[in-house]
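First up is the structure itself, then whatever we jot down about it.
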Amino acid sequence: MANSVKKSLIPNTFYDQARQNRRGLYWLTPVIVLILYLCVMGVFIWLQRLQHDSVMVVPIDQETRQQRLTMVIAALSLVIVFSLLALWRYTRFRTRAEAALIAETGFRRAMENSMSTGMRVFDMSGRIAYVNPAFCRMIGWNEADLIGRTAPFPYWVPGRHSHHQEVLDLILSGRTPNSGLEVEAQRRDGSRFTARMYVSPLRDPNGEQIGWMTSMTDITEPKRIREAMTAAHERFMTVLEGLDDAISVTADTPEGLELLFANRTYRRFFGAQGHGHEELLGGRLGRFTDETVETYSSQAQRWFEVHHRMLAWTDGRRVRLQVARDITERRKHEEASRVQQDKIQLTSRLTTMGEMASSLAHELNQPLTAINNYSMGAVAMLRSGKAKPEQLLEALEKAAAQAERAGKIISRIREFVKRSEPRRQAVPITQIIDNAVSFADIDARKRRIEIAVELPEHLPMVLADPILIEQVLLNLLKNGVEAMEGSDYHILHVNISLYDQMLEVAVIDRGYGLKNPERLFEPFYSTKSEGLGMGLNICRTIIESHHGRLWAMENPEGGTIFRFSLPCAQAEMQPTTDSPKEIQA
């Protein structure tokens with residue numbers, strides 16, 4: 001029962017149909033022979049009765065002969081019956097075999113007709129002996145137009161008969177490759193197509209070859225798609241090979257990284273090995289985010305900007321795609337630009353000090369004059385012989401205090417104008433403001449301007465280079481003092497506020513206001529006749545390098561408000577202390 005379930009139902013349909021068509025035929029011949037035999041025996045028995053009734057006395061010899069004749073007829077009847085049974089069995093077997101053959105032929109013909117592959121048979125002389133419907137549909141010619149035809153065939157391309165004849169000779173010689181042949185044919189409507197043809201020998205039941213069986217498949221569309229994909233791949237590879245970035249793809253193996261792809265730039269730097277990819281990874285394994293990392297390669301002696309990503313390879317494996325851009329020249333330019341910027345900033349500070357030279361001389365003259373006076377008084381008391389130790393000590397302490405004051409001024413000037421590397425550190429904003437105001441106050445007192453600072457309580461520290469921020473604030477204070485010279489209002493306000501982890505410093509003056517505010521931060525643009533036009537541009541560059549912003553706006557009460565923002569130390573240091581995390585693949 002289980003075997004009957006496993007059998008395919010497709011051929012049974014043909015077998016059942018064949019049995020139905022021939023089920024009432026195979027037993028007719030033995031039945032007719034048996035009826036004729038019975039008729040003969042009936043006639044024979046009837047004749048024997050007639051003879052027995054007509055002859056009352058039968059001689060003994062005649063009776064013996066009659067018995068023997070009866071025995072012979074009985075034996076002959078048995079032989080005939082057995083022969084009829086054997087004939088009936090053979091007829092039944094042959095009928096079933098014919099039904100199976102018809103079913104098998106019908107099944108194979110139906111299967112052949114449903115195929116899209118064109119089948120064609122050549123005899124040994126190259127004459128077409130058979131074509132299937134798929135072949136006829138493929139070339140557009142009927143079976144009657146092809147059977148019995150010899151070369152040249154109607155589907156041969158005009159002008160290329162010699163090439164087609166060479167292919168036919170190759171088929172008939174049996175030297176066709178196992179991979180098949182690619183041939184071009186022409187349909188009846190004149191259109192052409194490309195086909196892949198396979199050839200196999202056709203043999204009779206005795207094993208003798210009687211022809212060649214060929215199968216043809218239309219590959220015009222697959223060939224077009226393949227050629228388009230090949231062209232697209234060539235274009236893609238041309239682009240990849242022409243890129244200045246080093247592109248590599250590796251897979252993780254127990255032996256290390258296996259290099260799956262590398263473009264020309266990668267091979268120029270690192271060769272055809274995966275060591276360069278591993279070196280640029282820098283020991284960072286895992287699945288990275290889209291963060292770009294700058295890495296120095298000792299093998300290539302170059303700086304690279306490396307972008308890493310995990311993706312699925314063509315075989316389904318997880319692989320590492322790495323794009324490394326050579327930034328050596330860019331880093332050189334950035335370093336040169338940084339050095340030049342430092343020089344410009346130093347020049348700006350020296351220029352500021354030069355402009356304040358007279359005020360600084362006056363500021364230093366006061367403690368020096370006081371030191372001189374206290375010293376001369378002490379000398380006079382000693383010469384008079386009336387000097388008291390308490391008075392002498394007081395004079396010397398005051399002289400020392402003025403000397404310390406002068407020393408702090410000089411130290412502050414040296415710290416401001418000396419050339420040093422930018423150092424961003426957590427520093428209180430009050431310290432920066434005090435130092436800048438102490439410098440600007442010298443020039444402000446000369447112009448009779450008061451600098452008023454408003455500081456809220458509990459201000460957080462900022463992450464900044466104090467010297468550079470002092471330079472920015474001093475420049476803004478100096479501009480505000482100069483703008484308010486001749487004004488009826490004599491207070492320059494400095495306000496500090498906190499917004500979203502950013503400290504904002506505002507310098508508010510009531511001077512002559514803004515002129516051409518859109519050009520205020522342009523290089524070499526200045527509203528002062530003796531100005532170089534680089535002060536505000538340098539200030540903006542410094543603030544932006546600290547991840548802040550510098551801008552100006554009109555004061556509603558007259559004058560200008562300059563504002564700049566700086567990130568708080570905690571908000572700025574938090575993301576920088578965390579190293580890029582890896583997500584394990």
Side-chain angles (χ1 to χ4, degrees), residues 10-11 101 104-238 314-315:
I10 295 178
L101 180 60
E104 186 74 16
T105 302
F107 174 72
R108 292 184 179 275
R109 177 59 62 91
M111 183 173 60
E112 179 184 343
N113 293 339
S114 64
M115 292 172 56
S116 61
T117 302
M119 307 296 295
R120 175 186 55 181
V121 175
F122 288 116
D123 61 13
M124 300 303 294
S125 61
R127 182 181 289 104
I128 297 178
Y130 169 78
V131 290
N132 72 336
F135 185 84
C136 296
R137 291 193 301 269
M138 186 180 299
I139 64 173
W141 295 86
N142 298 325
E143 182 179 359
D145 301 327
L146 300 174
I147 298 298
R149 292 287 297 267
T150 58
F153 299 112
Y155 49 82
W156 281 7
V157 178
R160 300 192 60 188
H161 285 192
S162 59
H163 173 72
H164 287 291
Q165 185 63 47
E166 293 176 1
V167 174
L168 180 61
D169 295 339
L170 186 65
I171 294 173
L172 297 179
S173 64
R175 293 182 286 108
T176 55
N178 294 331
S179 59
L181 296 173
E182 188 173 305
V183 296
E184 187 177 5
Q186 179 172 293
R187 299 185 179 90
R188 191 168 189 173
D189 59 3
S191 60
R192 299 181 183 182
F193 67 96
T194 304
R196 171 70 62 177
M197 180 174 62
Y198 297 91
V199 182
S200 61
L202 182 64
R203 303 182 184 278
D204 61 8
N206 298 326
E208 182 179 355
Q209 182 175 351
I210 59 176
W212 297 95
M213 172 69 75
T214 65
S215 62
M216 294 176 60
T217 304
D218 188 354
I219 61 170
T220 305
E221 187 63 18
K223 182 179 179 181
R224 185 190 66 79
I225 296 174
R226 184 173 63 252
E227 291 176 351
M229 293 182 63
T230 302
H233 179 265
E234 291 178 355
R235 291 193 297 269
F236 180 68
M237 290 302 299
T238 301
T314 54
D315 56 2

Minimal non-hydrogen separation, Q165 against A151, with atom names: OE1-CB, 3.7 Å

Any L146 side-chain heavy atom under 4.5 Å of F135 side chain: yes

Whether W156 and F153 hold their rings parallel, tilted or perpendicular, with breakpoints at 30° and 60°: perpendicular

C136 to N142 - nearest heavy-atom pair and separation: SG-C, 4.1 Å

From Q209 atom CD to L202 atom CG, the distance as rounded to the nearest 0.5 Å: 8.0 Å

Rounded distance (nearest 0.5 Å) linking atom CZ of R187 with atom CE of M138: 8.5 Å

Separation between CZ of R149 and CD1 of I147, rounded to the nearest 0.5 Å: 11.5 Å

M216 versus T117, closest heavy-atom pair with distance: O-CG2, 3.4 Å

Closest contact, heavy atoms only, S215 versus M119: CB-SD, 3.7 Å

Closest approach of L170 to S173 (non-hydrogen atoms, all atoms of both residues): O-OG, 2.8 Å

Nearest-0.5 Å distance, CZ of residue R188 to CG of residue D145: 5.0 Å

From CZ (R160) to CD (Q186), nearest 0.5 Å: 11.5 Å

Close side-chain approach of E184 to H163, heavy-atom, < 4.5 Å: no

Minimum heavy-atom distance between G126 and F122, given as atom pair plus value: O-CD2, 3.6 Å

Derivation and outcome, side-chain contact (heavy atoms from CB on, under 4.5 Å), residues I171 and M197: CA-CA 10 Å; I171 294 173; M197 180 174 62; 3.3 Å; yes

Inter-residue atom distance D218.CG - I139.CD1, 0.5 Å rounding: 12.0 Å

Pair T214, R120: side-chain N/O donor-acceptor within cut-off below 3.5 Å: yes

D189 side chain vs S191 backbone, donor-acceptor pair below 3.5 Å: yes

Within 6.0 Å of CG in N178, more than 12 heavy atoms from elsewhere: no

Check ion pair E221-R224 (N to O, under 4.0 angstrom): yes

